[in-house]
Protein chains: 2
Amino acid sequence: MRLTTKGRYAVTAMLDLTIHCDDKPVSLAEISQRQSISLSYLEQLFSKLRQSELVTSVRGPGGGYHLGRASENIFIAEIIDAVNESVDTTNCQGKGDCQGGEICLTHSLWDQLSHEIHNFLNAISLADLVARRDVKSIAQRQVEQLLILNESPQAGAC
Amino acid sequence: MRLTTKGRYAVTAMLDLTIHCDDKPVSLAEISQRQSISLSYLEQLFSKLRQSELVTSVRGPGGGYHLGRASENIFIAEIIDAVNESVDTTNCQGKGDCQGGEICLTHSLWDQLSHEIHNFLNAISLADLVARRDVKSIAQRQVEQLLILNESPQAGAC
DNA sequence: ACTTACTTGACTAAAATAGTCGGGTATTGG
DNA sequence: CCAATACCCGACTATTTTAGTCAAGTAAGT
Ligand code: FES
Ligand code: FES
């Protein structure tokens with residue numbers, strides 16, 4: 001199993017996308033600034049997210065990304081799968097052949113754990129996360145910090 | 001989070017230790033053969049397991065390792081912790097400071113997932129695993145395969 | 001003594017991660 | 001048309017981690 005910054009960044013970026021504006025597309029440059037993620041790295045991640053149809057893109061000036069579906073129907077497990085190849089903890093990808101073609105002693109344990117993790121992450125949607133109190137306040141902070149940083153005159157909220 | 005062969009090997013080896021003989025210590029050479037794990041690598045892992053007092057060692061000929069406690073009181077999470085540095089999935093080791101000293105958008109999600117995984121693995125003891133039907137039959141198979149391989153005359157079961 | 005088997009530390013090859021870089025291409029506003 | 005914006009794509013790289021080897025011990029039994 002791998003759960004590293006790649007998957008964390010993907011979920012963070014998708015959540016940022018969910019929070020900011022449903023009418024106008026959100027550019028990667030914005031996400032990069034708000035979430036402190038390298039723009040080039042985001043491009044790499046969004047390439048995969050688009051292939052998995054979790055987002056749709058709009059090219060050209062004023063372009064960016066939209067969610068591919070309603071935030072209620074996008075689950076965290078799908079996002080991680082899209083960039084991270086799954087949350088499988090077995091050594092054999094569930095095939096049960098890691099000891100020279102035979103099943104190993106601990107296969108059933110890892111298989112069970114994998115299901116546990118998958119069920120947990122598949123029960124949480126982006127909409128669920130947005131509704132959390134802590135997420136709301138952190139998002140608020142991030143927007144404020146960015147306004148101070150840019151000292152831009154336009155204070156229009158989303 | 002890391003859950004790779006290192007942690008899997010450690011749990012597998014500990015389970016092998018639990019299954020085979022509670023009176024005589026079990027040598028790493030035996031475990032190496034039964035579980036197809038490199039002897040040198042096992043030495044590395046058991047060094048850490050001993051430091052965490054999950055096993056005790058007996059030196060000299062006929063030596064090997066014993067469980068440090070009753071198998072009912074050794075939980076999978078402890079074994080993974082001992083070799084693997086924890087099953088934490090946050091980027092900040094729970095400190096909540098991964099975005100330049102401030103908490104990031106998804107911290108609470110990873111924190112919750114970490115607890116979920118830890119609770120799952122901390123609720124399963126070595127004794128629980130030994131009692132599983134599939135574990136019993138796989139252990140049986142491993143012993144038989146080894147007897148055929150060695151063509152050793154002593155057929156005395158544990 | 002001699003052998004077995006644990007103990008320790010340093011070393012290494014291979015893989016994965018976490019990016020960067022340099023070019024594209026589509027779209028829009030002037 | 002032209003230039004700017006922003007997505008798109010593939011190749012490249014430094015660093016870290018994993019998975020494992022190797023060598024030189026030390027302790028204990030026969
Ligand atoms: S992990 Fe599936 S057979 Fe070993
Ligand atoms: S993961 Fe803990 S603050 Fe980001």
Side-chain angles (χ1 to χ4, degrees), chain A residues 1-13 17 20-21 24-33 35-68 80 83-89 91 98, chain B residues 1-13 17 20-21 24-33 35-68 80 83-89 91 98:
Chain A
M1 151 161 206
R2 317 161 233 198
L3 189 39
T4 60
T5 52
K6 197 192 283 188
R8 276 192 293 262
Y9 277 175
V11 175
T12 304
L17 194 53
H20 294 97
C21 304
K24 293 245 162 66
V26 181
S27 74
L28 294 188
E30 290 176 60
I31 301 180
S32 170
Q33 281 194 79
Q35 308 303 332
S36 329
I37 304 174
S38 144
L39 178 59
S40 303
Y41 201 35
L42 276 178
E43 285 178 345
Q44 216 178 93
L45 297 177
F46 272 76
S47 167
K48 291 187 181 176
L49 293 172
R50 200 175 59 93
Q51 280 164 38
S52 303
E53 298 185 327
L54 293 174
V55 296
T56 57
S57 63
V58 180
R59 300 181 77 153
Y65 289 93
H66 284 295
L67 288 183
I80 292 175
V83 298
N84 223 42
E85 321 233 17
S86 99
V87 292
D88 193 8
T89 58
N91 193 25
C98 90
Chain B
M1 154 162 202
R2 318 160 232 201
L3 189 40
T4 59
T5 53
K6 196 193 283 189
R8 277 192 293 263
Y9 277 176
V11 175
T12 304
L17 194 53
H20 294 96
C21 304
K24 294 247 162 67
V26 180
S27 75
L28 294 188
E30 290 177 60
I31 300 180
S32 170
Q33 281 193 78
Q35 307 303 333
S36 328
I37 305 174
S38 144
L39 178 59
S40 303
Y41 202 35
L42 276 177
E43 286 176 345
Q44 215 178 94
L45 297 177
F46 272 76
S47 166
K48 291 187 181 175
L49 293 172
R50 200 175 60 93
Q51 280 163 39
S52 304
E53 298 185 328
L54 293 173
V55 295
T56 56
S57 63
V58 179
R59 302 182 76 151
Y65 288 93
H66 284 297
L67 288 182
I80 292 175
V83 298
N84 224 42
E85 321 235 15
S86 98
V87 292
D88 193 8
T89 58
N91 193 25
C98 90

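Per chain, numbering begins at 1; letters A, B, ... match sequence-line order.
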Review point. Would you say the side chain of A:Leu67 lies within less than 4.5 Å of the side chain of A:Leu54, judging by non-hydrogen atoms?
Key: no
Between protein and nucleic acid, restricted to nucleotides 20-22 of chain C and to nitrogen or oxygen atoms under 3.5 Å apart, what atom pairs and distances do you find?
{"from": "C:dT20", "atom 1": "OP2", "to": "A:Ser38", "atom 2": "OG", "distance (Å)": "2.4"}
{"from": "C:dT20", "atom 1": "O4", "to": "A:Gln44", "atom 2": "NE2", "distance (Å)": "3.0"}

Review point. Does any N or O in the side chain of B:Arg59 come within less than 3.5 Å of the main-chain N or O of B:Gly64, such that one atom is a donor and the other an acceptor?
Key: no
Polar-atom pairs under 3.5 Å, protein N or O versus N or O of nucleotides 26-30 of chain C: list them with distances, or write none.
{"from": "C:dA26", "atom 1": "O4'", "to": "A:Arg59", "atom 2": "NE", "distance (Å)": "3.4"}

Practice item. Apply side-chain contact (heavy atoms from CB on, under 4.5 Å) to A:Thr56 and list each qualifying residue two or more places apart in sequence or on a separate chain. Key: A:His66
Check your understanding: Does a side-chain N or O from A:Tyr9 land closer than 4.0 Å to OP1 or OP2 of C:dG19, or not?
Key -> yes
**Study point:** Nucleotide of D:dG20, D:dT18, D:dA6 approaching B:Thr4 most closely (side-chain heavy atoms)
**Key:** D:dT18
Below 3.5 Å, can you tabulate the donor-acceptor pairs from side chains in residues 36-49 of chain A to any protein atom, sequence neighbours excluded?
{"from": "A:Ser36", "atom 1": "OG", "to": "B:Gln99", "atom 2": "NE2", "distance (Å)": "3.1"}
{"from": "A:Ser38", "atom 1": "OG", "to": "A:Ser40", "atom 2": "N", "distance (Å)": "3.4"}
{"from": "A:Ser38", "atom 1": "OG", "to": "A:Tyr41", "atom 2": "N", "distance (Å)": "3.2"}
{"from": "A:Ser47", "atom 1": "OG", "to": "A:Gln51", "atom 2": "NE2", "distance (Å)": "3.3"}

Check your understanding: To the nearest 0.5 Å, how far apart are CG in A:Leu28 and CD in A:Gln35?
Key -> 12.5 Å
Check your understanding: Tell me: CG of B:Leu45 to P of D:dT18, nearest whole Å?
Key -> 12 Å
**Study point:** Separation between CG of B:Leu3 and CG of A:Asn91, rounded to the nearest 0.5 Å
**Key:** 10.0 Å
Point to revise | Which residues share a salt bridge (Lys or Arg N to Asp or Glu O under 4.0 Å) with A:Glu30, sequence neighbours left out | key: A:Arg34
Check your understanding: Taking atom C1' of D:dG20 as reference, at what distance in whole Å does atom CG of B:Leu28 sit?
Key -> 15 Å
Review point. Whole-Å distance between D:dC22 C1' and B:Leu42 CG?
Key: 16 Å
Review point. What is the nucleic acid contact for A:Phe46, judged by heavy atoms within less than 4.0 Å: base, sugar-phosphate only, or nothing?
Key: nothing
Check your understanding: Are side-chain heavy atoms of A:Pro25 and A:Tyr65 found at a separation under 4.5 Å?
Key -> no
**Study point:** B:Lys6 NZ - C:dA16 P separation (whole Å)
**Key:** 16 Å
Exercise for review: Provide, to the nearest angstrom, the distance between the NZ atom belonging to B:Lys48 and the C1' atom belonging to C:dG9.
Suggested key: 13 Å
Review point. Residues from residues 49-57 of chain A sitting under 4.0 Å of DNA chain D, heavy atoms only?
Key: A:Arg50, A:Ser57
